[in-house]
Number of protein chains: 2
Amino acid sequence: MTCGINNSRVLLAHGDGGLLSREMVRDIFLKYFNNPLLGQLSDAAVFRLKGEKVATTIDAFVVDPVFFPGGDIGKLAVCGTVNDLAVSGARPVYLNASFIIEEGLLLTDLEKIAAAMAEACVEAGVAIVAGDTKVVPRGHADKIFITTSGVGIVPDGLDLGYHRPEPGDVVIVNGSMGNHGLTVLTAREALGLEGALKSDCAPLNHTIFHLLSGCPGVKLMRDLTRGGLASAAKEIAESCGMDMLIKETAVPVDREVRGAAEMLGLDPFYLANEGKFLAVVTAGEADKALELLHESIYGRDAVIIGEVRAGRGSVYLQTALGGTKFLDLLAGAPLPRIC
Amino acid sequence: MTCGINNSRVLLAHGDGGLLSREMVRDIFLKYFNNPLLGQLSDAAVFRLKGEKVATTIDAFVVDPVFFPGGDIGKLAVCGTVNDLAVSGARPVYLNASFIIEEGLLLTDLEKIAAAMAEACVEAGVAIVAGDTKVVPRGHADKIFITTSGVGIVPDGLDLGYHRPEPGDVVIVNGSMGNHGLTVLTAREALGLEGALKSDCAPLNHTIFHLLSGCPGVKLMRDLTRGGLASAAKEIAESCGMDMLIKETAVPVDREVRGAAEMLGLDPFYLANEGKFLAVVTAGEADKALELLHESIYGRDAVIIGEVRAGRGSVYLQTALGGTKFLDLLAGAPLPRIC
């Protein structure tokens, strides 16, 4: 038996991308599906297919509400998979999409979702080549769940991964933190905070390839989805076996997000983003990386937020007041159905 | 607007693989995602990736109950995707798996499902290289839904497809019809008919590659899942622009399946299979094809059930009494959550 006692049940926290998620993946999925590719637990699996370096990834999207300011489940399903491939260094080529639909969904809503997917595909330059649709009786799903998988090509010679970062490398993010998570949460709970809040959901592949094309010093990238910046930073630090120092005041957080998060007792560093990524870049190329990002539509607000240090997998946050605190994986207070 | 009036809603029948499914795919998904690969609506999309012929497919599995005689949702999710690749002529290499779990699922059940997936992967010779897990609150899904996607390699020179069949080709199936659909249905409704009924869920790739390796006269294959033999035959006939004649007495149906289906008013030709496929083979190689299939674990009961004829897309069933009736797509009486 795994994960504690015999009659243990799956909790919402098993799906929040934090500690319990990691336990379930380790104790059940890695135990049975163990192989070197899955074991890397990266955003996409990269392998050789008859000589070509190919990346593949899959993600289920169960966001509630289905429509939210800045996007919908369809746009999210395309961008999420495109971004997983892009941060792995792959050029997304083909997507597959499968739909689990609750009986009773308005066909006009399904059409809106399909149109949003198509629009995101055009922007990202990918095609949906295989699909599947299942319908379950009313009350056995919640409106619509979409799973997308993708295949991309990794340019030969590109070497990204946890083995690359070294002390002194800089940590860059391409913009403000927490917009998606907070937008979905406030839309769902009808908190009346909507106003200026908007999801950052966007396909990052063109921005990332512009960066990679001119900056060979990029060593590692991660998209900052479920679990937010803090969880991604912690996972990177642990997987690299190095520490990461983040300067709290350097991390961009929009004023509306900061205000709403404070009211709700949420930390923007743990909130999901759907158009943000983190890059570890060799220090000598930091300026070049920023310059390239600033030229791109989704990189205009890119900034350096910290650096890699020798260590054993800790993430230190240098606070505004000059103190230091540890950032750890999310534990408790899950935010379900954010993506 | 599509699919009729503005306030139309998704019905269970939109998911049964019959007429309404086809309308939804055409009026919504093909409208927005249109591209030559998706437009083929085949079991897997086959494309060139830097010179290599690669196939990809995706399927959502929402079967209810999750555990049934002969398998479970995990085994089904692996076999379904392996089989979609195999009937496209691809050798399945890598699978991705995504899980949508209802809060409260027993972790022991999740572990049983993962173990069944792993076992099916070992038999099929594939690895799950990327995954994702989402948890939704109790009552917003039904226990567990699994989506698998897969990537396979199509040997160069292999040419399967709707353009190949010609009048005179024979139609072969690898065994009895309706076992999976009837087993799931009787298990779900606790009809007390279980007894000898068992799903035929199995990975067909080794059987299919044994066939292909010795029989270049195989022109087209289809797995006989949702919608059963009749729906697949009709789709093939229409897509080829030819007729198909099926001899009712030649189609194997197990005695238990025939009896239970009769009691329930169901037609085994429309019931889903999860370990059965149809092959169109040039007449001169029919004996060779049968010989190769009979050597394989999942081909022992293979038989010729009919032939391709000049025509315009009709499927004729030559009945036991000597009459002839048309087989059409399933319309009405949907059997939801069979796979």
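Computed from a predicted structure; not experimentally measured. Note: hydrogens, waters and symmetry copies are ignored here, and every other heavy atom, side chains too, is used. Chain identifiers are assigned alphabetically (A, B, ...) following the order of the sequence lines, protein sequences preceding nucleic acid strands; residue numbering begins at 1 within each chain.
- Atoms CG and OG, from Leu95(A) and Ser149(B) in turn, are 10.5 Å apart once rounded to the nearest 0.5 Å.
- Neither the backbone nor the side chain of Ala44(A) comes within less than 4.5 Å of any heavy atom in chain B.
- Residue Leu107(B) holds its CG atom at 5.5 Å from OG of Ser8(A), rounded to the nearest 0.5 Å.
- With a threshold of 4.5 angstrom between heavy atoms, Val151(A) approaches chain B through side-chain atoms but not through N, CA, C or O.
- For chain B, the nearby part of Glu52(A) is the side chain; its heavy atoms alone come within less than 4.5 Å.
- Closest of all the heavy-atom pairs between Glu111(A) and Ile28(B) is CA-CG2, 4.1 Å.
- Between Asp132(A) atom CG and Arg226(B) atom CZ the span is 5.0 Å, to the nearest 0.5 Å.
- Contact detail for Thr57(B) and Asn96(A): the closest heavy-atom pair is O-ND2, 3.3 Å.
- Listed options Gly39(A), Gly104(A), Ala130(A) were ranked by heavy-atom pairs under 4.5 angstrom with chain B; first place goes to Gly104(A).
- The parts of Asp59(A) that come within reach of chain B are both its backbone and its side chain, each placing non-hydrogen atoms under 4.5 angstrom from that chain.
- For the pair Ala97(A) and Ile58(B), the tightest heavy-atom approach, listed with the atom from each and the gap, is O-CG2, 3.7 Å.
- Leu49(A) touches chain B through backbone and side chain together, each having a heavy atom under 4.5 Å away.
- By number of non-hydrogen pairs under 4.5 angstrom with chain A, the leading residue of Asp142(B), Val129(B), Val136(B), Asn35(B) is Val129(B).
- Using a 4.5 Å cut-off between heavy atoms, Ile153(A) touches chain B through its side chain atoms alone.
- Only the side chain of Ile100(B) comes within less than 4.5 Å of a heavy atom of chain A; its backbone N, CA, C and O stay farther away.
- In terms of non-hydrogen atom pairs under 4.5 Å with chain A, the most contact-rich of Lys143(B), Arg337(B), Lys134(B), Met117(B) is Lys134(B).
- For a residue to count as touching a neighbouring chain, one of its non-hydrogen atoms must lie under 4.5 Å from one of that chain's; by this rule Val122(B) does not touch chain A.
- In this structure, NE2 on His14(B) lies 11.0 Å from CD on Glu103(A), to the nearest 0.5 angstrom.
- Chain B forms the most heavy-atom pairs under 4.5 Å with one residue out of Ala60(A), Ala115(A), Ala118(A), and that residue is Ala60(A).
- With sequence neighbours left out, Phe29(A) forms a ring-ring contact (aromatic ring centres under 6.0 Å, His included) with Phe33(A), Phe99(B).
- The greatest number of non-hydrogen atom pairs below 4.5 Å with chain B, out of Ile113(A), Leu37(A), Thr148(A), Leu105(A), is found for Leu105(A).
- Highest contact tally toward chain B, considering only Ala114(A), Cys339(A), Pro36(A), is held by Ala114(A) [criterion: heavy-atom pairs under 4.5 Å].
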Could you walk me through whether His140(A) and Val62(B) pass the side chain to side chain contact (heavy atoms under 4.5 Å, CB included) check? CA-CA 10 Å; His140(A) 292 252; Val62(B) 298; over 6 Å; no
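- Annotation: the span from Arg138(A) atom CZ to Leu11(B) atom CG amounts to 9.0 Å, rounded to 0.5 Å.
- Looking only at heavy-atom pairs under 4.5 Å with chain B, the residue among Ala141(A), Gly15(A), Ala45(A) that has the most is Ala141(A).
- Of the two parts of Ile128(A), the backbone and the side chain both hold a non-hydrogen atom closer than 4.5 Å to a non-hydrogen atom of chain B.
- A distance of 10.5 Å separates CD in Glu102(B) from CG in Leu12(A), rounded to the nearest 0.5 Å.
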